[in-house]
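Here the structure is laid out as structure tokens; the discussion comes afterwards.
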Protein chains: 2
Amino acid sequence: MRPQSASFDNCCNTAVRRAARQLGQLYDDVIESSGLRSTQGTLMAVVSNAGAATASELAEWLVMDLSALGHTLKPLIRDGFLRSTPDPRDRRARRITLTAKGTKKLEQIHADWLIAQRALLATFGEPEAFALVKALDRISDPAFADKFRSTVQKLREQPQRKSG
Amino acid sequence: MRPQSASFDNCCNTAVRRAARQLGQLYDDVIESSGLRSTQGTLMAVVSNAGAATASELAEWLVMDLSALGHTLKPLIRDGFLRSTPDPRDRRARRITLTAKGTKKLEQIHADWLIAQRALLATFGEPEAFALVKALDRISDPAFADKFRSTVQKLREQPQRKSG
DNA sequence: ACAAAATAGTGGCATATGCCAGTAAATGGA
DNA sequence: TCCATTTACTGGCATATGCCACTATTTTGT
């Protein structure tokens, strides 16, 4: 099979999803002994880093739908790794924090993650890996989304204008 | 919030998943009028390109679990875009093909996808976009997965060896 | 102060994706 | 030929993720 239909060549969306599946499988295997998935590890790391953020804040950083985040938080709360406590100053909001159990689990995951990180740098190349993360972060930037959307808008208003 | 916990800095897995969500939302919006998601568009494009591949072959190219692929094929078959016919030469296998309806739908999606592709190249930069796809394709290559796994193995056998 | 609008979450439904167990068929020896 | 193994798929269960509708609060405009 050719790498991809000529008509849909170089589709960044296709490529990024496929790579996400590949990396997900590789990282899941590495942290397998923790009993958690790499997606859950990421979520706990972000929660830990944020300290006591609201679901909205976490969703924004993760570029994730708020309700989707709520769904993914559920098993982690159910299993005692995370806690969701009402914010006394805004009774609509809840603050997401790590429990003691969650903190310990995150440390365990971190040890395994280090292996994965070293393996990635060694097999993909350090500068290449850093450049890749940088490019991906640029795509995840809300400013990129804004620019993309307004460009789509413009392209739709004046269809394929002949150059020259 | 800092870009990410210092301890989990430059996690390629986290970055690629986040970018996948972002691009997914952007591309889904662009092809929204088709009634399909960009993941489904990708799947149909791959099926079209493959001609009459088995689920196993499609799953391999997509770096996707076979049963996961089976699940995602279901709604497209149910809605008449794809067809799954038994292979007479190997009665375990089934050949996945586009229906006439699916072919027409894919053409419609392609027109929208072209807009998204032009917008991506314009906002992210052409050389940067091509380089990104190339890097992602390298990660999706089975050879990369093999190298990664064997490196993990080695790192586990001889933990952080002091250099020098 | 009050009503309209914005914000924060939750629950339901649908697709996306993975693992495991089970079925069916083909393949590879002895 | 016959059985063990491998291959192709299917179904069940769980998480991942998004959209929409709904509830509860807070904020805003007058």
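Chain letters run A, B, ... following the sequence lines, proteins first and then strands; every chain starts at 1.
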Worksheet item: If you look at every strand shown and take non-hydrogen atoms under 4.0 Å, does B:T54 touch a base, only sugar-phosphate, or nothing?
Response: sugar-phosphate

- Under 4.0 angstrom, heavy atoms only, what part of the nucleic acid is A:R95 near: base, sugar-phosphate, or nothing? nothing

In whole angstroms, the gap separating P of C:dA16 from CG of B:L76 amounts to 7 Å

Q: Spell out yes or no: do the side chain of A:H71 and the base of C:dG9 have one donor N/O and one acceptor N/O closer than 3.5 Å?
A: no

In whole angstroms, the gap separating P of D:dT17 from CG of A:L69 amounts to 9 Å

So with a 6.0 Å cut-off around CD of A:E32, is the heavy-atom count from everything else above 12? no

Here the distance between atom P of D:dA16 and atom CG of B:N13, to the nearest Å, is 12 Å

Discussion item. Tell me whether B:D79 is salt-bridged to B:K101, with the criterion being a basic N under 4.0 Å from an acidic carboxylate O.
Written reply: no

In this structure, CG of A:L62 is separated from CG of A:L43 (nearest 0.5 Å) by 6.5 Å

Assign each of B:V63 and A:D90 the nucleotide of DNA chain C bearing its closest heavy atom; nearer the 5' end lies the nucleotide of A:D90

Of B:D28 and A:P88, the one whose closest nucleotide on DNA chain D sits nearer the 5' end is B:D28

With a non-hydrogen cut-off below 4.0 angstrom, is B:D65 in contact with a base, only sugar-phosphate, or nothing?
base

Rounded to whole Å, CG of B:L23 lies from P of C:dA16 at a distance of 16 Å

### Query
Taking only N and O in the side chain of B:R78, is any of them less than 4.0 Å away from OP1 or OP2 of C:dT15?
yes

Walking DNA chain C from its 5' end, the first of A:R17 and A:R92 to be reached, judged by nearest nucleotide, is A:R92

Atom CD of A:E60 and atom C1' of C:dG9 are separated, to the nearest Å, by 16 Å

Of B:A93 and B:Q22, the one whose nearest nucleotide on DNA chain D sits closer to the 5' end is B:A93

Q.
Once hydrogens and angles are ignored, does a donor-acceptor distance under 3.5 Å link the base of C:dC19 to the side chain of B:S67?
A. yes

Is any side-chain nitrogen or oxygen of B:Q40 closer than 4.0 Å to OP1 or OP2 of C:dT15?
-> no

Atom CE of A:M64 and atom C1' of C:dG9 are separated, to the nearest Å, by 16 Å

*asked:* Please confirm whether the shortest side-chain N or O distance from B:R94 to OP1 or OP2 of D:dA8 is below 4.0 Å.
replied: no

Counting just side-chain N and O atoms, does B:K74 come under 4.0 Å of either OP1 or OP2 of D:dT10?
no

Salt-bridge test for A:R156 and B:D112: reply yes if a basic N is under 4.0 Å from a carboxylate O, no otherwise.
yes

Mind checking if A:L66 touches a base, just sugar-phosphate, or nothing, with heavy atoms under 4.0 Å? base

To the nearest angstrom, the CZ-C1' distance between B:R37 and D:dC19 comes to 8 Å

d(B:T54 OG1, B:E60 CD) to nearest 0.5 Å is 9.0 Å

To the nearest angstrom, the CD-P distance between A:E32 and D:dT15 comes to 16 Å

Which pairs of donor and acceptor atoms, one on a side chain in residues 67-78 of chain A, lie under 3.5 Å apart (sequence neighbours left out)?
residue	atom	partner	partner atom	Å
A:S67	OG	A:D65	OD2	2.5
A:T72	OG1	A:L69	O	2.8

Are OP1 or OP2 of D:dC9 and a side-chain N or O of B:S56 less than 4.0 angstrom apart?
yes

